[in-house]
Q: 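Before anything else, here's the structure in question.
Lettering of chains follows the sequences in order, A, B, ..., and the numbering in each one begins at 1.
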Number of protein chains: 2
Amino acid sequence: MQTENFHPGLSIDCVIFGFHENELKVLLLKLKKDDRWALPGGFVEKDKDVDSEAVRVLKKRTGLDHIFLKQFHLFGDVDRIEPSHSDTMVKKGVIPPELKGWFDQRFVTVGYYALVEYSRVKAPTPDLTSERCDWRPLSDLPPMMLDHAQILKKAHQTLKKELNDQPIGLNLLPEHFTMPELQALYETVLEKSLDRRNFRRKMLSYDILIQTDLQRKGGAHKAPLLYKFDKEKYNNAILSGLQSGW
Amino acid sequence: MQTENFHPGLSIDCVIFGFHENELKVLLLKLKKDDRWALPGGFVEKDKDVDSEAVRVLKKRTGLDHIFLKQFHLFGDVDRIEPSHSDTMVKKGVIPPELKGWFDQRFVTVGYYALVEYSRVKAPTPDLTSERCDWRPLSDLPPMMLDHAQILKKAHQTLKKELNDQPIGLNLLPEHFTMPELQALYETVLEKSLDRRNFRRKMLSYDILIQTDLQRKGGAHKAPLLYKFDKEKYNNAILSGLQSGW
DNA sequence: CCAAAAGTGTTCTACCTACACCCATGG
DNA sequence: CCATGGGTGTAGGTAGAACACTTTTGG
């Protein structure tokens with residue numbers, strides 16, 4: 001790691017959301033020799049835009065390009081990092097001693113949240129300090145390193161707020177999906193249940209969905225219709241915002 | 001200036017909004033030996049929270065404490081600063097040569113926007129690199145340094161979006177104000193005109209205003225009633241958001 | 001007394017809410 | 001054949017949009 005090429009005291013953390021089995025999930029890293037987990041993150045090269053460095057982090061962990069990604073907050077409190085943190089990391093051999101100086105700095109971190117299609121992430125890749133990279137349900141999070149739990153919480157709050165402005169469905173769902181699946185996504189993000197029939201009507205009124213003549217077979221009951229997004233109309237609608245919230 | 005105590009490559013810029021003569025205004029600094037203007041800003045001490053450093057900047061320029069202040073974006077593109085910028089500053093004698101190294105760094109900056117009551121800012125104070133500190137109307141901005149025009153624009157966009165969540169009236173208006181004044185504020189922020197009667201009804205329906213029996217005399221026409229905010233109810237309403245936008 | 005701005009009220013419509021009913025499917 | 005979930009329709013209430021009239025004030 002060439003720390004001299006990095007912007008000092010600045011890091012990036014990504015909250016990568018996915019949707020699977022009617023649950024919001026987050027891609028997390030299991031730290032080596034530590035029972036806590038961390039958000040995928042990284043440092044910023046001096047001659048790179050911060051946003052593009054976030055794209056790089058995402059690509060490394062998920063293998064995916066062209067992901068919906070949005071900066072949502074800078075976390076800049078002094079006490080967001082315990083001073084003993086770098087000591088512990090060196091002692092456990094997770095980071096080499098020559099990098100201790102780098103990790104001893106005071107760091108501020110830029111939070112990004114990403115929306116990805118769960119099934120497209122084939123092999124989540126851990127980084128140097130972690131042993132695994134896994135999806136974890138938002139409803140049952142493991143213990144997290146430093147202030148990462150707060151960062152995650154803020155990301156979720158932001159997502160909730162921006163639900164009407166952001167292309168949530170398009171990025172989190174596979175190409176074809178059923179109306180109940182889309183509704184489940186909204187209910188998960190909003191943390192409240194919605195009326196089936198009203199949801200359908202309102203969603204259809206946006207005129208951004210295309211009904212296909214395919215059905216999701218295999219369920220034990222009536223086979224629901226599959227929809228896909230009309231990407232052009234979708235993008236136009238996003239521009240003006242999907243007014244009138246949920 | 002003790003640059004070694006500052007967090008490297010990190011700065012703060014504040015977009016300070018005020019409302020005067022039915023116009024949104026921004027507090028800007030006129031640079032020395034340069035016909036451009038700049039946002040009030042500063043650097044971050046290593047042992048201080050970024051947010052509290054923004055408070056410090058605000059206090060220095062406006063003399064005010066307890067101001068509504070909100071972080072809205074990190075500007076982290078490489079090309080947001082021209083490499084020649086520090087050269088020019090040194091040549092013009094605006095910054096001493098020994099600080100050139102500091103200003104030669106690649107900088108990212110955290111944008112904050114603040115809402116202040118115009119009349120409470122008695123003597124806006126310039127900093128070392130500026131000769132004046134003045135209110136400038138948002139509708140007619142002077143040429144700005146670096147990417148400050150973009151930062152300002154983004155601040156305005158954010159304010160517009162958050163109009164229903166943020167305590168806009170309470171912070172930008174004096175204690176007593178008329179309904180038309182409040183409406184003018186909303187119209188300015190939103191950049192569109194609103195129906196007088198519908199505005200009044202909706203605003204009153206929030207139940208956050210207290211009608212006083214005072215009137216704004218001196219106008220050439222019917223004297224409007226003065227209102228003030230019911231701060232307790234106001235804060236409660238903010239918590240749940242003033243749903244249903246403008 | 002008149003122009004201009006402030007206060008008040010009404011109607012129409014659209015959308016959100018809260019429901020009830022029928023249909024398809026697998027066990 | 002029936003339980004379960006999916007698709008469709010409808011009535012009532014609320015709130016926003018559009019509008020007209022009256023009142024107060026200074027000149």
Side-chain angles (χ1 to χ4, degrees), chain A residues 21-23 160 163-164 169 173-174 176-228 237 240-246, chain B residues 21-23 160 163-164 169 173-174 176-228 237 240-246:
Chain A
E21 293 175 339
N22 283 354
E23 258 194 315
K160 216 164 151 176
L163 184 58
N164 292 304
L173 293 172
H176 293 272
F177 52 89
T178 68
M179 193 60 78
E181 282 163 5
L182 182 58
Q183 181 179 344
L185 170 58
Y186 271 74
E187 289 182 335
T188 311
V189 173
L190 295 172
E191 296 174 298
K192 70 175 177 187
S193 54
L194 303 166
D195 183 274
R196 218 160 42 88
R197 297 147 288 195
N198 294 335
F199 178 83
R200 164 185 292 273
R201 184 189 2 249
K202 188 162 176 177
M203 190 54 75
L204 288 174
S205 78
Y206 289 149
D207 190 32
I208 54 175
L209 295 181
I210 301 172
Q211 197 179 98
T212 71
D213 43 10
L214 305 169
Q215 292 182 319
R216 168 95 62 224
K217 296 278 184 183
H221 312 293
K222 181 168 180 175
L225 286 168
L226 288 171
Y227 291 84
K228 61 180 180 180
S240 46
L242 299 175
Q243 67 289 330
S244 74
W246 294 94
Chain B
E21 291 174 340
N22 283 353
E23 259 195 314
K160 216 164 151 175
L163 185 58
N164 292 303
L173 293 172
H176 293 272
F177 53 89
T178 68
M179 193 61 77
E181 282 162 5
L182 183 58
Q183 180 179 344
L185 170 56
Y186 271 74
E187 288 182 334
T188 312
V189 173
L190 295 172
E191 295 175 298
K192 70 175 176 186
S193 55
L194 303 167
D195 184 274
R196 219 159 43 85
R197 297 146 288 194
N198 295 335
F199 179 84
R200 164 184 293 272
R201 176 153 11 100
K202 187 164 176 178
M203 190 53 76
L204 288 175
S205 77
Y206 290 148
D207 190 32
I208 55 175
L209 295 181
I210 300 172
Q211 197 179 99
T212 70
D213 44 10
L214 305 169
Q215 293 181 317
R216 169 93 65 223
K217 296 280 184 181
H221 313 292
K222 181 168 180 176
L225 287 169
L226 288 171
Y227 291 83
K228 61 180 179 181
S240 46
L242 299 175
Q243 67 287 333
S244 73
W246 293 95

Q: Only counting residues at least two apart or in another chain, list the ones meeting salt bridge (charged side-chain N to carboxylate O under 4.0 Å, His left out) with A/E191.
A: A/K160

Q: Can you name the residues that form a ring pair (Phe, Tyr, Trp, His ring centres under 6.0 Å) with B/F177, not counting sequence neighbours?
A: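 For B/F177, the residues satisfying ring pair (Phe, Tyr, Trp, His ring centres under 6.0 Å) (neighbours in sequence not counted) are B/F229.
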
Q: Please report the distance, rounded to the nearest Å, between CG in B/N22 and C1' in C/dA6.
A: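 B/N22 atom CG is separated from C/dA6 atom C1' by 15 Å.
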
Q: Rounded off to whole Å, could you give me the CG-to-P distance for the B/L226 and C/dG7 pair?
A: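 After rounding, the gap between these two atoms is 10 Å.
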
Q: Take the protein atom CG of B/L190 and the nucleotide atom P of D/dG16, then report the distance between them rounded to whole Å.
A: 14 Å

Q: Using side-chain contact (heavy atoms from CB on, under 4.5 Å) as the criterion, list what pairs up with B/D207, not counting sequence neighbours.
A: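 In terms of side-chain contact (heavy atoms from CB on, under 4.5 Å), with neighbours along the sequence ignored, B/D207 is linked to B/K233.
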
Q: Using atom CE of B/M203 as one end and atom P of C/dA6 as the other, report the distance to the nearest whole Å.
A: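 In whole Å, C/dA6 P and B/M203 CE are 16 Å from each other.
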
Q: For B/R200 and D/dT22, give me the distance from atom CZ to atom C1', rounded to whole Å.
A: 14 Å

Q: Just jot down the side-chain contact (heavy atoms from CB on, under 4.5 Å) partners of B/L225, sequence neighbours excluded, or say none.
A: B/Q211, B/Q215, B/Y227

Q: Could you pull out all residues at least two apart from A/R196 that satisfy side-chain hydrogen bond (donor to acceptor under 3.5 Å, both in side chains)?
A: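 A/R196 satisfies side-chain hydrogen bond (donor to acceptor under 3.5 Å, both in side chains) with no other residue.
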
Q: Nearest whole Å is fine: how far is C/dG7 P from B/F199 CZ?
A: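 Going from CZ in B/F199 over to P in C/dG7 covers 12 Å.
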
Q: Look only at the side chain of B/Q183 and the backbone of B/F199, and say whether a donor-acceptor pair between them is shorter than 3.5 Å.
A: no

Q: Output the rounded distance in Å from CG (B/L194) to P (D/dA17).
A: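 Nearest whole value for this atom pair: 9 Å.
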
Q: Can you check each nucleotide of nucleotides 19-27 of chain C against protein heavy atoms at under 4.0 Å and return B for base, S for sugar-phosphate only, - for none, in 5' to 3' order?
A: BB--BBBS-

Q: I need the OH-C1' distance between A/Y206 and C/dA14, as an integer number of Å.
A: 14 Å

